[in-house]
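Take a look at the structure below.
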Amino acid sequence: MSNPTETESLPRQRFQERFPLLALVIERILLSLLLLVAVSMLIFGGVEALPGDFATTYLGQSATPQAVANIRAELGLDRPVVTRYFEWLAGAVQGDFGTSWASKNSVSEQVGNRLGNSLFLAGFAAVISVPLAVGLGMLSVHFRNRMPDKIINVISLAAISLPEFFIGYLLILYFAVNFGIATFPATVYEGMGFIERLKAIALPTATLVLVVLAHMMRMTRAAILSVMSSAYMETAELKGLSAFRAIVKHAAPNALAPIINVVALNLAYLVVGVVVVEVVFVYPGMGQYMVDAVTVRDMPVVQACGLIFAAVYIFLNMLADILAIIANPRLRHPR
Amino acid sequence: MRLREIPITAWVGILGIALACFCAAFAPLIAPYGETEVVGGVWQEADAQFFFGLDNLGRDILSRLIYGARTTLSVALAATVISFSLGILLSFIAAVSGGLIDTVFSRFNDLMMSIPTLIFALVVLAVLPQHLIVLILVMAVLDSTRVYRLGRAVALDVAVMEFVEAARLRGEGTTWIIFREILPNTLSPLLAEFGLRFAFSILFLSTLSFLGLGIQPPAADWGGMVKDNKDGIIFGISAALVPGTAIAALAICVNLVVDWLLKRTSSLKGGRGDA
Amino acid sequence: MPELLSVRNLKIEATSYPPGEPPKRITIVDGVSFDLQKGKVLGLIGESGAGKSTIGLSALAYGRGGAEITGGEVSLNGTNILALGKAGIRKVRGAQVCYVAQSAAAAFNPAHRLGDQVIEASVKHGLMSKDEARKRALYLFRVLGLPHPETFGDRFPHQVSGGQLQRAMTAMALCPNPELIVFDEPTTALDVTTQIDVLAAIKHAIEETDTAALYITHDLAVVAQISDDIMVLRYGKTVEYGSVQQIIEAPTQDYTRALVNVRQTARQEAPDQSQALLRVDNVSAQYSNGFKVLHGVSLHLCKGQTLAIVGESGSGKSTLARVITGLLPPSDGRITFEDKPLTPALKSRSRDELRRIQLIYQMADTAMNPRQTVRDIIGRPLTFYYGLRGAAKTARVKELLEQIEMSNGFIDRYPAELSGGQKQRVAIARALAAKPELILCDEPTSALDPLVAEGILKLLMKLQTESQLSYIFITHDIAIVRAIADSVAVMHRGRLVRFGPKSRALSPPFDDYTDLLLKSVPEMEIGWLERVLSTRRMASAGN
C-alpha cells in the first residue's frame, strides 16, 4: 500500500501500519483520557460560569456583605478560577476532593465507602441481568414474529416506560410490606456478612435488573437479527448446514461484537440508574450522597460525585469500543 | 393513510395520550377539588367521595392527578419541543455544512454526551436557581444532545444522496437544501424520535421531581406526588403508586405510538428498495 | 441419457407489502420448464425482475426473501427435491447442488478464513476428510488461477480482491464435487478486464470437473461464451429456449432478436474537432486526505459533439466529472469553457456558469427527491434560473415532457411511480430545463436493462441534434462509445492513457491498457472467449 512518491512516512504512521489494532486501542484510551479532562473542565468551569453565588446560598438571603466576603475568603472563592481548577484537578487525581461545605468532612472518605456500595449494587444487578437479557434476546430472535416474540416485545416496551422509583415502590409495597419477605430500607454497614448484604440489596437489585433488562434485551435482539439477515447466513443455509451449526459457527462470531457493545452501553446506563434506586431504598451509595449534596448545594461533593460518575461512564463506553475493535476481524487480520 | 391500518396497540397509545391531554386542558372543569385544597384527613382511604383517597396533607389525589397532568405534560412538552428544535437545527446545519462547523458541533456534543444526563442535570441544578424556566431549559439542552446525534445521522444519510448534490450543483442555498430537500425525507424517523424524546422527558421530569429538584411544591406534578407520598409505603399506603402508575401509563402510551411509527418507517424503507 | 435436472411447470410466488396498501400476492415465475444434462451448462438470461435468480435458487429448493415455490416440480436425478422435507433438502444443498452468489464479498463470512469456508460443506456432509478436502481446495485454487494457491486459504475475505473472492466462491461451490452449480451473475459486479479472467476460470473449472451449471446473467454476450443452451426469460415466463447457436444466430422471437442486436449501431464521428467548447488543461485533483486521484489530465470537447470517457472503477473518470462541475476543485491545472476560465470551486461559481453545465447521474433513483413530483423536479430549474412560475412554468414542463417522449399525465407523479427508464428521462428533462450547453452524463444507462438503455441513448442523440448540445459521456461500455461518441478518452488509474477522435482512438496501434480493455469486452459471438484467450497465450508465448 505504500506509495514510493510520498515522503518518508512518520514513525506514527509506520506504527499504525504494523499494529493497526494496538494503534486503535491506544488511540481510544488517549481519547477517553482527553474526554475525561474536558469533562472535568466542564463540571468545574460550568459550575463557575453559571449564575448564582455560593456564598449567598451558603449563608442564606439575609447575609451581610461582610459575612459573604468572609465566607468567600474562607472557601477560597476569591482566588482566580484557573488556579482553583488546577488545585482541584491535582487533588482529584490523588483522590482528594476537598472538604464538604455542609458537614466539613473529607469528601474522599465518604466517597470511598459509598463508591464501593454503589459498584457492588450495580455489579450484582449486572451479573443477573446480562445473561438474562442475552438469553431472552436470543429466544426472541428464535421465535421471531411469532407469539413468544410478540409477548416479549410488548412486555419489554412497557418495561422501558416504567420509572425506576415506580418499580422500586411497587416491589417494596408487595415484598417488604405486604409479604414481609424482603427488607426495607436497604441498610448496609461495614463488617456486614456477604449473605446479609445480598439480602439487604435484593429489592434494589431486582429494581435495577427490571429497569435495564428490557433495554438490553431489545438491543440484543436487533443486533442478532441484523447478523441473521446477512448474505453469509444465506450461504450457510445453501451449504446445507444445520441451523445449529449455522448459528454457532457463522452467526455467533459476528454477533459477539454488537452484543458486547450493547452490554457495555447498558452497564453505563446501570451506573446512572443506581442514583434513583439508592434514593428509593435509602441505600448508602454515591447516588444518594450526590442527591443530598445537590439539595443543600454542597458543591465540592457535587463536583466530586459528578466527576466520578462521568469517569465510570466514560470508562465503560471506552471498554465497549475497545472490545468492538478487538472483535472485528478486519482489524485483527489486516491486509 | 387509512385508519384501519393503525394497529390496536397504537390505538391504545393514541387514546391514552388523548385522555391525558384532555385532563390537562380542562383540569379546573373536571377536577372535583382544588389543586392545593385540603379536604380531609391525612392518607384517608379511597371511597365513593375520594376516588383515589387523600394524600399526605389530606388533599384529593384524583384532583391533584388531573392538575398534575397539566404541569407534567406542559413542562415535558415544552422541553421536548425546545430540545427538538435545537437539536435538529444544529444537526442539520452540521450535516449540510460539513467541515469545521460539523467537527466543532459534533465534538462538543460528544463531550456533553459523555456525562450521563441525570448526573449532568444534578450538577447543573445544584448551581442554578430553582425556577420552572430553568428546569425546562436544562432538560431541553441536555436532551438536545441525543436529538442532535440522531438528526445528524439521518441528515447525513439523506445529504449524501445525489438529489442533494444535484441541488447544490444547481446553486441552491443552505436553507433550501435543509428545508426542501432534506427535511421532507427525514420526517418519518424524526417524528418517531420526537415521541421517544417526549416519553423520555416525562420520565426524566418525574425523576427530577421525585428527587426534589423538579417542579416545586405546592404545584401538583406526578413525580412530586410520588415523593410526597412515598413515606406512606412502609405503612402499606399505596398513595404514591397512583401518580407512579399515571407516569408509567402515559410513557407506555407514547412508546406504543412510537413503536408503530418506527415500524412504519422501516417498512417504507423496505418498500423503496424493491421499486 | 437421463436428465440431471428437470424442471416442470415451475411457479413461484411472493407476498409484497406496498406501503399504504394491503399486502399483495405476486407471481414471480410462471410455468417455466427446462432440462439439463450432466456436464452441460444452461444460461438463464433476462432483465431485472425476469425471475432468473429465483429460478436458479429453486434448484436448491430455496426461496429468497419470502419467495415461495407454489407449483411444479424440480427433479434432481429423478427425485423431486421440493418434496424432500427439511432434512432431506439439507443433504442436497452444498453436496449435490452448490450456489455462487453475485456478491462474494457479502456471501463469505468475514470472521473465518477462506480455506475453512471453502471446505466446510464437503467435510460437514461427510463427503471427504479434512485433509482430502484441503487437497481438493488447493487443486481448485490452482485450476481457478488464484495467486499463491498454497497459502490462499489462510486469508480472510477482506484480504483479497473482488475478482479473487468470486473465484474463491467458485472453488467453494466446486469443492464437494457437486453435480450442479448455480452461478448467479458471478461476474456482474466486476470490471471488464477482471470479468474475462473470472469467466475463463469458471469455464475451465467446470469443464475440468465435468460439472453441470445453471448460469444466470443479464448479458447475452457473456452467456454465449459459456453455455450449451440458453433460456430467455421475461416477466417470469419463458420467451425462447434453445441451443446457443440457435438463440444467437437465428432467434425466433422479437424480444430475443432485440437483445442480440442491441447496440449494433455506430455513429459517424464529426469531421471537425478543432473548435473547443470545454478545454481541460493538465488538471490534477486530490481528496482532502491528500490522496491523489487525477494526474495531469488534458482533453477537450467541441461544441455539439460527444466526448466519451472510458475506464474501469477507480480510473478517475467520475472524478474528472466532479472536477468539471466544481464539486472537487482541481489542485493543479485549469479548465476553460468557451475560452473563459471556469471558476474552480462550486461555491464561487455564478448562477449562469452553473446553468450552462448540467449533470445526469447513473442512478436516477437517488438523483431525484422522492418527495417531489415530476412537476417540482423539472420545474425547479425553470424557477431557479429563469424565474418561471405558475402557468408559464407548467406549460414549459409539459413541453419538456414532450421532448423526452413522455405524456403530460406524468406531471403529478412521484419518482417511485415511474419505471427506471422513465426516471432517467425525467432526469434528462431536469437537465434540459436549464438550457445548458454541456451535459455531463455519468453512466446514465449502466443501471438500466439493455433495451431501455438503448431508448435513452437514442433520446440523447435526438436532443443533441435538436438543440446543439454537447455531451461528456462517462462509461465503461465500449459498445456505447462506438454508438455515440465523436471523440474518446481512455482513463486508467487517474491518468489519461489515450485521447483523440473516435476513429483514431479505437484503432491500432494501441497502448497496452486500451488493447486489454478492448479485448476484454464480450462480443455477441460464439467462441469469442476462446479466441481472445488463445491470442493472449500466443502473445505471452511470444514474450
Side-chain angles (χ1 to χ4, degrees), chain A residues 1-10 12-13 16-17 20-21 24 144-145 223-260 323-335, chain C residues 56-57 59-65 86-113 116-127 154-161 169 172-173 175-176 178 181-182 184 290-292 295:
Chain A
M1 283 251 136
S2 65
N3 191 338
T5 58
E6 271 172 29
T7 49
E8 192 76 358
S9 64
L10 300 162
R12 207 185 98 188
Q13 275 177 338
Q16 277 175 341
E17 269 165 35
L21 195 65
L24 272 174
R144 181 176 8 153
N145 294 334
I224 299 178
L225 268 187
S226 90
V227 169
M228 294 299 283
S229 59
S230 54
Y232 52 78
M233 291 307 291
E234 184 184 90
T235 307
E237 191 172 353
L238 291 177
K239 273 181 181 176
L241 302 180
S242 66
F244 179 75
R245 187 177 164 85
I247 287 174
V248 170
K249 189 84 186 172
H250 289 278
N254 293 294
L256 202 61
I259 291 178
I260 288 174
L323 289 173
I325 289 170
I326 293 174
N328 186 342
R330 283 167 189 275
L331 296 173
R332 239 182 317 140
H333 308 280
R335 269 169 179 270
Chain C
L57 285 166
L60 294 107
Y62 183 79
R64 179 183 281 159
K86 262 191 178 171
I89 192 61
R90 216 156 54 216
K91 290 195 186 105
V92 174
R93 290 176 185 166
Q96 288 169 276
V97 187
C98 293
Y99 178 73
V100 176
Q102 175 176 354
S103 169
F108 273 111
N109 192 327
H112 296 299
R113 292 175 199 279
D116 295 337
Q117 299 192 56
V118 166
I119 63 166
E120 185 181 22
S122 316
V123 176
K124 284 299 141 193
H125 283 292
L127 300 171
D154 296 337
R155 307 224 203 157
F156 281 86
H158 66 269
Q159 293 172 320
V160 305
S161 72
M169 185 124 199
M172 183 157 87
C175 190
I181 298 184
V182 177
D184 194 352
F291 184 73
K292 220 168 174 198
H295 305 266

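Model, not experiment: these values are computed from the prediction.
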Using 0.5 Å steps for rounding, measure from the NE2 atom of H125(C) to the CG atom of L241(A).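 Separation between the atoms: 6.5 Å.
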Looking at CD of E237(A) and CZ of R64(C), how far apart are the two atoms once the value is rounded to the nearest 0.5 Å?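 The CZ atom of R64(C) is 11.0 Å from CD of E237(A), to the nearest 0.5 Å.
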Can you say whether [X] sits under 4.5 Å from chain A via the side chain, the backbone, both, or neither, judging by heavy atoms?
| X | value |
| --- | --- |
| L57(C) | side chain |
| A101(C) | neither |
| F108(C) | backbone |

Taking H112(C) for the side chain and P253(A) for the main chain, is one N or O donor matched with an acceptor at less than 3.5 Å?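 Pair absent, no side-chain N/O of H112(C) close to backbone of P253(A).
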Check ion pair E120(C)-R245(A) (N to O, under 4.0 angstrom):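 Yes, charged N to carboxylate O under 4.0 Å.
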Most chain A-contacting option - heavy-atom pairs closer than 4.5 Å, from K91(C), M172(C), R155(C):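 Option with the greatest count: M172(C).
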Hey, which residues of residues 226-236 of chain A are touching chain C, say heavy atoms under 4.5 Å apart?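 When heavy atoms of chain C are the reference, residues 226-236 of chain A contributes A231(A), Y232(A), E234(A), T235(A) within the under-4.5 Å range.
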Results of side-chain hydrogen bond (donor to acceptor under 3.5 Å, both in side chains) for D116(C) - residues two or more places apart only: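 Checked D116(C) against side-chain hydrogen bond (donor to acceptor under 3.5 Å, both in side chains); matches are R134(C).
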Contact check, side chains of K124(C) and K239(A), non-hydrogen atoms, under 4.5 Å: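 No, their side chains stay 4.5 Å or more apart.
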